[in-house]
Number of protein chains: 2
Amino acid sequence: MVRPIRPILSRARICAAALAIVDRDGLGELSMRKLAGELGVQVSSLYEHVRTKDDVLHDVANTIMESVDVSAFETRDWRHAVASWARSYRAALAAHPHIVPFLAYGPARREASLRRADAVHGGLVGAGWPPRYATMIGASTKYLVIGSAMTSFARGFEGEAQVYVERYAHLMDAHRLRDHADTIDRDSFELALEMFLDGLDRLHTRVATPQGSVEGA
Amino acid sequence: MVRPIRPILSRARICAAALAIVDRDGLGELSMRKLAGELGVQVSSLYEHVRTKDDVLHDVANTIMESVDVSAFETRDWRHAVASWARSYRAALAAHPHIVPFLAYGPARREASLRRADAVHGGLVGAGWPPRYATMIGASTKYLVIGSAMTSFARGFEGEAQVYVERYAHLMDAHRLRDHADTIDRDSFELALEMFLDGLDRLHTRVATPQGSVEGA
DNA sequence: ACCTGAACACCGTTCAAGT
DNA sequence: ACCTGAACACCGTTCAAGT
């Protein structure tokens, strides 16, 4: 292998390669040695650019979180904003199911997450929600998205489906079953979101301050 | 060390010791060697009783899931049943926060989980919900519990809190902050649950079959 | 500055051997 | 049946050394 004049490695290249491995092989299959191998480099070279494996995963998680769209909070339609944020959030996780456990587990001190949280909170307060409720609505919505992502994407990598396949093998094949599970998951998420928003709608008329009024921090 | 006449090890003892380590040191700190060490035994002895480390963790997860109370579904008050199931479920996870990532990630083919799922589904159908809605309500509630457990218990082991502590060190100490975070999490969970149930209440009057009528499987 | 090669202290799991 | 001790093929991370 020819020694390159310019550096092979960079933080961004390492992050991209790590995401590719996680997406392809799963979170448990990511190792620094494999990562180095795919980049055509020795393991220890990675440590010139990243502090630790955890560091790499945080980078990956940050990248994914950056694709979550919170722009709808710039309007005053809080209901639509929460719904579109939640759907965008869920879609971002669905695009990289294998990393969800890390993303959900790790503390939310990732920059991208904090910035999104600010947008959500600000948007809700701007729409008349008291700050305390804005915080709770943000947290609740996150629960729904994370919970949905965890339980639905976790399924199917191994388990559950097989149980039903064995039991009802004559009824439907695995492929149809997987599609069915995906539909149930999406529908359940949408139902929860709609019911939650319906409930909030009625609460809003009781607790919201008139729009435009100033709220204490 | 004296060689005992009767067996030292058993599946139950291994499971109990594993849970103790996970609760005390965290999921990442559980290793077969440490487990063996605490049981006063060599690593390889464990493999006489369990097939794999994953096997041990599934046992632990099953134990925890067995403490979830679904007895409220024996009544016809579906709203109270869902609420008390959700709270019991969340409490069970709160009692063993470190294992939540495993519990949430692993496919739900654990026996205890499946039996609970049956009780929930049956109870909702008995209360007049069409089977399709019963499935979705069960899934949605699970999302909320898992999401709440993941995001709230994940925080605090490292991260987030520290950020605020550094920033607002003069405002409050870490202890008060942790309490505050716990309160926010509980309140957010309760808000989401109430709003969800409020939404469902109105839906119920539109889609439910008269109680006592027979539903197709 | 960037990468190498060897080493350290760990893993989960297996297996022949002892009692 | 139950446990031991050694081994295998892995980990993440460090560090002196090369260019």
Side-chain angles (χ1 to χ4, degrees), chain A residues 1-22 24-61 98-99 101-103 105-106 157-159, chain B residues 1-22 24-61 98-99 101-103 105-106 157-159:
Chain A
M1 185 151 285
V2 219
R3 215 180 311 99
I5 300 138
R6 281 307 167 99
I8 290 177
L9 256 34
S10 73
R11 206 161 220 282
R13 262 177 62 70
I14 292 173
C15 174
L19 179 54
I21 292 175
V22 170
R24 174 170 29 91
D25 305 332
L27 191 57
E29 288 298 307
L30 176 68
S31 80
M32 295 303 268
R33 281 170 166 88
K34 187 187 238 178
L35 187 51
E38 302 220 345
L39 287 163
V41 125
Q42 295 300 112
V43 211
S44 46
S45 303
L46 299 173
Y47 289 88
E48 288 293 331
H49 299 87
V50 297
R51 263 181 29 256
T52 162
K53 181 184 175 181
D54 220 64
D55 201 19
V56 176
L57 282 168
H58 270 98
D59 254 32
V60 171
H98 284 121
I99 210 170
F102 175 83
L103 213 148
Y105 184 65
F157 296 132
E158 47 164 354
Chain B
M1 184 147 288
V2 217
R3 214 180 313 100
I5 299 138
R6 280 308 165 100
I8 290 177
L9 256 34
S10 71
R11 205 159 222 282
R13 261 178 64 72
I14 292 174
C15 175
L19 179 54
I21 292 175
V22 169
R24 173 169 29 91
D25 305 333
L27 191 58
E29 289 298 308
L30 175 68
S31 80
M32 295 303 270
R33 280 170 166 86
K34 189 185 239 176
L35 187 51
E38 304 220 344
L39 287 163
V41 125
Q42 295 300 113
V43 212
S44 46
S45 303
L46 300 173
Y47 289 89
E48 290 291 334
H49 299 86
V50 298
R51 263 184 26 257
T52 162
K53 181 183 176 182
D54 220 64
D55 200 19
V56 176
L57 282 169
H58 270 99
D59 255 31
V60 172
H98 283 122
I99 210 172
F102 175 83
L103 213 147
Y105 184 65
F157 296 130
E158 48 165 353

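Source: prediction; values computed, not measured. Residue numbers start from 1 in every chain, and the chains themselves are labelled A, B, ... in the order their sequence lines are given, proteins ahead of strands.
- Between A:Val50 and A:Met32 there is a side-chain heavy-atom pair separated by less than 4.5 Å.
- For the pair A:Leu46 and A:Leu39, the minimum side-chain heavy-atom distance is below 4.5 Å.
- Sorted by first and then second residue, the side chain to side chain donor-acceptor pair (under 3.5 Å) pairs with a member in residues 36-47 of chain B read B:Arg24-B:Glu38; sequence neighbours excluded.
- Contact record, B:Leu35 with B:Ile21: CA-CD1, 3.8 Å, taken as the closest heavy-atom pair.
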**Asked** For nucleotides 11-18 of chain C, read 5' to 3', which letter fits each nucleotide if B means a protein heavy atom sits under 4.0 Å from the base, S means only the sugar-phosphate is that close, and - means neither?
**Response** BBBBB---
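- To the nearest 0.5 Å, the span separating CG on B:Leu19 from CG on B:Leu57 amounts to 10.0 Å.
- Applying a 4.0 Å cut-off to non-hydrogen atoms, none of the residues of residues 12-22 of chain A approaches DNA chain D.
- Under the salt bridge (Lys or Arg N to Asp or Glu O under 4.0 Å) criterion, A:Arg11 pairs with A:Asp55, A:Asp59, sequence neighbours left out.
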**Prompt:** For DNA chain C, what is the dot-bracket line, given that a base pair needs Watson-Crick (N1 to N3, plus N6-O4 or O6-N4) or G-U wobble (N1-O2 and O6-N3) geometry with both distances under 3.5 Å, and | means paired with another strand?
**Reply:** ||.|||||...|||||.||
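- In this structure, B:Glu48 has no salt bridge (Lys or Arg N to Asp or Glu O under 4.0 Å) partners at least two apart in sequence or on a different chain.
- One can place NE2 of A:His49 at 9 Å from C1' of C:dC3, the figure rounded to the nearest angstrom.
- Interatomic distance, CG of A:Leu9 versus NE2 of A:His49, reported as 5.0 Å (0.5 Å rounding).
- Closest approach of A:Ala18 to A:Val60, counting heavy atoms only: CB-CG2, 4.0 Å.
- Side-chain contact between B:His98 and B:Leu30 is absent, with no heavy atoms from C-beta onward closer than 4.5 Å.
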